[in-house]
Structure formats: C-alpha cells, structure tokens
Protein chains: 2
Amino acid sequence: MKIDPDNKADLSAQIAEAIRKEIMAGRLIIDERLPSEAELADHFAVSRPTVREALKRLAAQSLIRTARGAFGGAFVNRLSYPEAYGQHITTSTLLLSMNAISFDVACEARYALERACTPLAAARRTPDTLATMRAEIHRQGQPGLTDESFCASDVTFHRALVDSAANPVLSYQLAGAVEAMQPLMNMITFTARSREAIVGFHTRIADALERHEADAAQAALSELEAYTLTLGRDVMAARAKAAT
Amino acid sequence: MKIDPDNKADLSAQIAEAIRKEIMAGRLIIDERLPSEAELADHFAVSRPTVREALKRLAAQSLIRTARGAFGGAFVNRLSYPEAYGQHITTSTLLLSMNAISFDVACEARYALERACTPLAAARRTPDTLATMRAEIHRQGQPGLTDESFCASDVTFHRALVDSAANPVLSYQLAGAVEAMQPLMNMITFTARSREAIVGFHTRIADALERHEADAAQAALSELEAYTLTLGRDVMAARAKAAT
DNA sequence: TGCGTTTAAATTGTCAGACATTTAAATGTA
DNA sequence: TACATTTAAATGTCTGACAATTTAAACGCA
C-alpha cells in the first residue's frame with residue numbers, strides 16, 4: 001500500500017484516499033480483506049482511531065464493509081445497484097437543492113435524459129412495467145391525493161418508464177435525474193386541472209409504449225416537458241412576486 | 001435533532017444517518033454550523049470518537065466540511081459541481097467494474113445518453129467546445145499515441161460534446177456514464193485502422209455540430225456506437241477464446 | 001484614542017490504552 | 001460423531017489526554 005507524503009490534509013483523509021486509489025485501480029480486488037485496524041495503524045504509523053476514521057469514510061462510500069469477530073475485518077465491497085442508486089440520488093438531490101439550479105435547467109436535463117430511454121423502452125417494455133405505469137396513472141386520478149403523494153407517484157411512473165428500457169446502467173444513471181427533481185416538483189401546487197392534464201400525458205406515453213411506438217411516446221414526453229415547464233415557471237413567478 | 005432508536009447498526013452509522021436526513025430535509029441549511037463534537041457526543045449519549053466517525057462519514061460524502069480553531073466546527077457544505085462529479089464518477093466506475101456489466105449494456109447506456117445531448121449541443125455549441133473537440137481529434141490522429149492516451153482523449157472529446165449542450169445538470173449526469181466507460185475502453189487495442197475510423201466519426205460529429213445539424217450528429221454518433229460495439233465484442237470474443 | 005501584539009478560549013486532530021462485543025475456529029466431552 | 005464450551009482475533013466503544021489551529025478579546029504602548 002502507498003504511504004502518505006509530507007503533510008497537508010487530515011491523516012484519515014489521506015489514508016482513505018490511498019486505500020480508495022488501491023481499490024479503484026483494482027489492486028485491491030473484490031471481497032479481499034484489508035489488514036486489521038491495528039496492522040493498518042502500524043503500517044501508516046498512526047493511531048487506531050485515525051485508521052478507523054479513514055475506514056468509516058470508505059464505508060460511507062460503500063467501498064468497504066466491515067465484519068466483527070474472528071476472521072472479521074474490512075473487506076472490499078461489491079457495490080450493489082441499490083447502494084449505487086442511493087449514493088447517486090443523494091448527490092444529485094443535494095447538487096440541485098444547494099446550487100440554485102433553475103427549474104428550467106433541471107427540467108430540460110431530466111426530460112432530455114428520459115427521451116434517451118424511449119426508443120429502448122418502446123422496444124422492450126414488459127407487461128410488468130406497463131402495469132406499474134397504469135397503476136400509478138390510476139392513483140394520480142384519485143381525488144383525495146395530496147400534492148406530495150401525487151409527486152411521489154409521478155416519480156414512480158417515470159422510473160417505470162426508465163426501467164422499461166431494460167438497461168440497468170441506464171436506470172442507475174436516470175435515477176439521479178428523476179429523483180432529484182422531486183423536491184423541485186414538490187413546490188408546485190397541482191390543481192385538479194393540471195393533474196388531469198398530466199394524467200393525460202402519462203396515458204399517452206403508456207399507450208404509445210404498449211404499442212411499441214417510440215415516436216409517439218417521445219412526442220407525448222416532450223409535450224409533458226413543456227407543460228411541466230409552464231407549471232414550474234408559474235410557481236417561480238409567484239414566488240418572485242411574493243418576495244418583493 | 002433526532003435520536004437513535006433501540007439498537008441495530010453501528011452508532012456512528014446511525015448518527016451519520018440522522019444528521020444526513022436533517023440536511024437532506026433542509027432542516028440544517030447550508031453553511032450552518034453543527035454543534036461541536038463534544039455537544040453532539042453529549043446529545044447522542046456517545047463518546048467523542050464515535051461522533052467523529054459519524055462526521056467523517058458525512059465528510060466523505062461532501063455533506064459537511066470541518067474547520068479547526070475557535071468558531072471552527074462542522075458546517076453543512078454546499079455541494080460543488082467538482083465534488084459532485086467526483087462522487088458520481090467514483091460510484092459509476094465501481095458499479096461497472098464490480099458487477100460484470102457487459103460491454104454492450106454499458107455502451108448502449110452511454111450512447112443513448114449522449115444522443116440525448118445532441119439536439120441541445122447542436123443548438124448551443126460554442127467556438128470553445130468546438131475547439132476542444134477539434135484539438136482532441138487532432139491528437140487522436142498522432143501516430144505515437146498510446147492506447148491509454150487515445151482513450152483519455154476520447155473521453156475528453158465526448159465530455160466536450162456533452163458540455164456543448166450547455167446544461168450543467170446534464171453534464172453532471174453524463175460525466176458518470178462517459179468516464180465510467182474508460183476502464184472498459186482501455187481493454188481495447190486500437191489499431192491504426194480503428195483509430196482512423198473513430199477519428200472519422202468524431203470529425204463528422206464535430207462538423208455536424210458546427211453546422212447546427214442535430215440529425216447528422218446523431219447519425220454519426222449512432223454509427224460510432226455500432227463501431228465501438230464491434231470493437232468491444234472482438235475483445236470479449238478474444239478473451240473468451242483465450243480463457244478456454 | 002488608535003493600533004499592533006499577546007493572550008486566552010474554543011474546537012478539531014491525534015494519540016494511548018482499556019474494555020465490551022461478536023464471531024468462528026479449536027477444544028473438550030458425552 | 002455430535003454438541004457444548006473455550007479461546008482467540010477482530011471490530012465497536014469509552015475515557016482521558018495532549019497537540020494544533022484559529023479567532024476574539026485583552027493588553028500595552030505611542
């Protein structure tokens with residue numbers, strides 16, 4: 001394993017970075033056991049708490065997992081899809097909420113990415129993903145639904161659309177774009193009329209996918225984008241007026 | 001702040017998760033100072049090292065930053081684009097390298113996402129992004145270039161293509177897809193003939209963007225995808241044969 | 001008064017040593 | 001052999017201490 005250079009940042013950050021590079025470069029392979037905390041402390045010439053802080057940093061990124069007991073220790077972790085989803089969604093959500101990203105920019109990115117899925121989704125959609133989409137459409141038509149529940153259902157619908165492409169890498173990449181929009185969408189008040197309009201677009205998308213018509217799905221998606229954009233702009237305009 | 005329920009996982013993980021939720025929910029706002037480690041230890045009824053491990057977990061995700069000295073402490077961090085890029089690329093690269101993702105699936109996802117950018121890129125490309133693309137094309141034509149350098153240049157070219165869309169959220173999302181492919185591409189040996197072919201596709205893409213022709217760019221991109229796929233399949237076939 | 005210097009306080013970073021807890025292998029026993 | 005017990009190794013946690021760093025306040029001097 002590498003050694004730390006002179007001095008700069010925290011020791012625990014340096015050690016974590018050194019181990020992370022080993023993993024990324026493939027020199028530490030999957031399920032391989034790292035030296036014990038005591039051995040690492042000895043190797044890097046630091047105390048055990050410092051090593052532990054470094055290992056916790058790696059654990060937070062799902063790079064390692066730890067097990068107690070004899071023959072326990074820290075092991076290079078196989079990054080699972082659920083873990084990767086979680087990381088990506090956390091990062092994306094924070095990036096959008098903390099950097100004053102305009103609704104327009106986020107919306108444009110999300111729908112551009114979703115349109116990338118529609119050709120594949122139209123070709124590969126399954127009865128299963130279609131059923132999910134239909135179920136969410138039905139839920140979105142229920143009168144008593146709160147705005148927040150409506151948004152959550154919207155996310156589920158769009159994730160089913162993405163999953164229809166049957167490409168797990170694509171689903172992973174899109175999860176961030178779709179989920180991160182939810183806080184922004186939650187600022188919108190959905191009137192009965194706007195809900196009806198959205199349900200209409202969703203139905204058109206589901207129908208098009210069912211008939212394997214990629215172009216029709218893409219067209220409906222684009223119209224939904226334009227409509228969502230107007231909803232978002234209304235909210236932003238109202239907010240700007242209220243702030244004066 | 002929330003309290004931990006009965007018992008289950010590590011205390012440091014529980015505490016980190018509690019604080020993370022506060023941040024994600026916006027109850028801890030940007031640049032806000034968290035209580036000192038001693039106060040947190042008191043609040044959660046744990047020792048200071050345990051609190052520190054929790055804070056290091058959050059720091060590893062760029063959720064907080066720490067400063068020493070009086071009036072120092074842990075502060076909610078504004079997640080910057082470079083930090084988000086780094087997180088996303090790390091996660092994406094590991095996900096692909098550790099889960100036996102087929103070259104085909106990764107390739108399909110990447111090019112589907114890139115095609116989502118071309119309409120915007122064709123409309124908004126700047127002299128700057130075009131110049132970057134031209135420079136990389138020129139580099140890719142140099143005879144002495146190693147395969148690894150060729151790959152790195154390829155990544156730079158495609159990132160310039162993505163950046164041409166002038167949507168930072170899109171650039172962020174695509175960074176993972178483009179960069180994570182590099183280790184897979186590095187397995188390919190680029191002959192003089194395949195390099196020439198790729199440079200040809202790149203030139204067609206740059207030309208199309210320069211003339212604001214989205215369809216032509218998309219067509220060239222699709223052909224490049226098909227060509228990349230054959231290169232990847234040749235490598236995989238050779239590997240499979242060598243393994244017998 | 002005004003300004004530079006010194007001091008003090010608060011906070012994170014690091015260390016040392018200890019004990020608790022968990023796990024699986026080794027051992028002992030019926 | 002089968003099962004219970006012991007043991008060893010490792011992580012999880014705690015206590016207490018000191019070092020390093022940074023800012024604010026106190027101080028001294030012209």
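Chain naming here is simple, since letters A, B, ... match the order of the sequence lines and numbering starts at 1 in each.
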N/O donor-acceptor pair under 3.5 Å between A:Arg48 side chain and A:Glu39 backbone: no
Does B:Thr126 offer a backbone N or O that forms a donor-acceptor pair with the side chain of B:Thr129 under 3.5 Å? yes
Would you confirm whether A:Ser149, through its side chain, and A:Leu145, through its main-chain N or O, come within 3.5 Å as a donor-acceptor pair? no
Side chain A:Asn77, main chain A:Asp31, donor-acceptor under 3.5 Å: no
Just to verify, which of B:Arg139, B:Arg110, B:Arg159 counts as forming a salt bridge (Lys or Arg N to Asp or Glu O under 4.0 Å) with B:Asp154? B:Arg110
Need one value for B:Arg65: base, sugar-phosphate or nothing, where a base atom within 4.0 Å counts as base even if backbone is also close, heavy atoms only. nothing
Please list, in 5' to 3' order, the outermost nucleotides of DNA chain C lying under 4.0 Å from any heavy atom of chain B. C:dA9 to C:dT14
Every protein N/O within reach of nucleotides 12-15 of chain D N/O, cut-off under 3.5 Å:
from   : atom 1 : to      : atom 2 : distance (Å)
D:dG12 : OP1    : A:Thr66 : OG1    : 3.2
D:dG12 : OP1    : B:Asp10 : OD2    : 3.0
D:dG12 : OP2    : A:Arg52 : NH1    : 2.8
D:dG12 : OP2    : A:Arg52 : NH2    : 3.3
D:dG12 : OP2    : A:Lys56 : NZ     : 3.0
D:dG12 : O4'    : A:Arg68 : NH1    : 3.3
D:dG12 : N7     : A:Arg48 : NH2    : 2.9
D:dG12 : O6     : A:Arg48 : NH1    : 3.4
D:dT13 : OP1    : B:Leu11 : N      : 2.9
D:dC14 : OP2    : B:Ser47 : N      : 2.8
D:dC14 : OP2    : B:Ser47 : OG     : 2.9
D:dC14 : OP2    : B:Thr50 : OG1    : 2.8

Reference residue B:Val169; test side-chain contact (heavy atoms from CB on, under 4.5 Å); the match among A:Leu95, A:Val105, A:Leu113: A:Val105
So, B:Arg124 and A:Glu108, do they make that salt bridge, N to O below 4.0 Å? yes
Please verify the inter-ring angle class for B:Tyr111 with B:His158; under 30° counts as parallel, over 60° as perpendicular, anything in between as tilted. perpendicular
